[in-house]
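First comes the structure, then the notes that go with it.
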Amino acid sequence: MWLWFHRLASPPSFYRFAGILAPWLLAIGLTAIAAGFYGGLVLAPADYQQGDAFRIIYVHVPAAWLSLLGYSAMAVAAFVALVWRIKLAEAVVVASAPAGASFTALALATGMLWGKPMWGAYWVWDARLTSELVLLFLYLGVVALNSAFSDPRAGARACALLALVGAVNVPIVHYSVVWWNSLHQGATVFKPGGPSISPGMLWPLLTAAFGFTMFYAAVVLRRMQNELLIRERNSLWVRELVPVVAA
Amino acid sequence: MRALAAVFARELRLALRRPAEWAQAPVFYGVVVVLFALAAAPRDPALVALAPSVVWVGALLAALLGIERVFRGDLEDGNLEQLLLAPTPAPLLVASKIAAHWLLTALPLVAIGPLVGAALGLPANGCKLLFFTLLLGTPTLMLIGGFAGALTVGVPRAGLLLPILVLPLMTPVAIFAGGAVRAALQGLPAAAPLYFLAALLLLAATLLPWVAAAALRNALE
Amino acid sequence: MNPGFWAMGGYAVYVWPAYALGLAVLAWNWLVPEAHRRALLRRLDEDHEETRGIGT
């Protein structure tokens, strides 16, 4: 098992492994997303309180879930990259940031589209929204920091440090806003998803969230492949690989 | 301990040689606030309500001004390598550099802040609270800024990158500082947000010098 | 599809843009790294071509 792990963690075999895995994950992800969206838009009954507006949930919740999952994965990879100096973990950090940022932006945008009909305003300074916004800024900070470095390894390690500090920051922001809002008594507090959810509404949501997650994994693998190609562009395995693929 | 004192004293000496440089932050601060007041309607009551956030955001931006210099000069003259090779733990040396920088650029802001608040029409108890929030909050800002400065020390032009990295990390400080002053203005007890600010400072002081030292090592590798 | 479906109970202006944005983000996420990889492989091939010429 350990030997297998080591062999997989070497850049050339990981590149090949990711090349095989990514299209499968993409296919599974897109199928599940299509099923989830169909279930959400057509099969699920309209919510008795929110009407058809609740159908935004099938885009919003998977995106929000990915924004948190992506950041957690990035922070864990950052820790691994800094402590054990594993190159692949560095590639995970760099590859996660743009994808995570895009899904965080999607979660914010769809949240606003949902918020307007439901509580009358596109934006409320609530704890969830604020911490999601700060999360977006943190993702963008990692992207900007990485692109500022010319040496990919130094850039990735700087990003890993930033990701770790950001991981401490997000819960602090969340709870500081919770506390801050409690000072303004009667501030708008909302709970997405409502009190409970019926099975007919739930299964498309879980399917879509599963599909988004698979899709995200495929994207991160693709980006990691790019990162490995850039880093190891002069190594033997890239030299052997390139003419075959580019021909 | 002596090494820490030496680093601290060296920073102060170097800065005292160039008074114009560290006078930039307070002057910048003053200009920002004056512009804010001029852009608002004269005697606008909304200005008083916004005074805590004006004072705090001004301080945030002013504190960012010199942060790039903290490690960059040392990288250029080779002092940084010596700092990291020294027998004294690097995080402590980093912390003492940040402390010296705080003394030079942030302490004037702490002194000016309450006056600025008063000039914007904030009542006396609000100004007092403003002083305490600045006193507790600016060291956290400096630690965060020092960390970001260490991250970007190897980057040719950090420019706009620094605020992008720093500002999201500073949101909790801004939230609690503003909350404390507002609580005082409404006649509510303001001890709780001050304790939160102190807790943030402790957290930042225990974690960030280590991360900043790691970032400096990474930049030199 | 019946017109009621597209009207989304009066919430069409909110629901459909949300789904459009979702699909746009999904497309961006897959197409950008894919295009980057193509460009990268092509460029690396050219670079290697040059150095191979020097070697032989």
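All chains are named by letter (A, B, ...) in the order of the sequence lines, taking the proteins before the strands, and each is independently numbered beginning at 1.
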Counting heavy-atom pairs under 4.5 Å with chain A, the top scorer among L44(C), V25(C), N29(C) is N29(C)
Run the side chain to side chain contact (heavy atoms under 4.5 Å, CB included) check on R222(A) and V32(C) step by step: do they pass?
-> CA-CA 10 Å; R222(A) 264 293 186 268; V32(C) 167; over 6 Å; no
Quick one: pull up CD in E34(C) and CD in Q225(A) and give me the separation to the nearest 0.5 Å.
-> 8.5 Å
Okay, A95(A) and chain C: the region with an atom under 4.5 Å from a heavy atom over there is neither
Engaged part of L26(A) at the chain C interface, taking heavy atoms whose separation is under 4.5 Å | side chain
Looking at side-chain heavy atoms only, is the closest gap between E227(A) and L40(C) below 4.5 Å?
-> no
When rounded to the nearest 0.5 angstrom, what is the spacing between CG in D45(C) and CZ in R239(A)?
-> 10.5 Å
Interface residue of largest heavy-atom contact number with chain C, from L229(A), L30(A), V59(A), N226(A), under 4.5 Å | N226(A)
Tell me, side chain or backbone of F212(A) under 4.5 Å from chain C's heavy atoms, or both, or neither?
-> side chain
Heavy-atom distances under 4.5 Å only: say whether A99(A) touches chain C with side chain, backbone, both or neither.
-> both
For atom CH2 of W123(A), decide whether the heavy atoms of other residues, nucleotides or ligands shown that lie under 6.0 angstrom number more than 12.
-> yes
Among I33(A), T110(A), L106(A), which residue forms the greatest number of heavy-atom pairs with chain C at distances under 4.5 Å?
-> L106(A)
Decide yes or no for F54(A) and Y11(C): does some side-chain heavy atom of the first lie under 4.5 Å from some side-chain heavy atom of the second?
-> no
More than 12 heavy atoms from other groups under 6.0 Å of CH2 on W28(C) | yes
Is the closest side-chain heavy-atom distance between L41(A) and Y19(C) below 4.5 Å?
-> yes
Atom CZ of F137(A) with >12 non-hydrogen neighbours under 6.0 angstrom = no
Within a strict 4.5 Å, meaning less than it, do heavy atoms of the L113(A) and V15(C) side chains meet?
-> no
Between the CG atom in L26(C) and the OG atom in S102(A), the distance rounded to the nearest 0.5 Å is 8.5 Å
With chain A, which of G22(C), P33(C), P17(C) has the greatest number of heavy-atom pairs at distances under 4.5 Å?
-> P33(C)
Heavy-atom pair of closest approach, residues I56(A) and Y14(C) | CD1-O, 3.6 Å
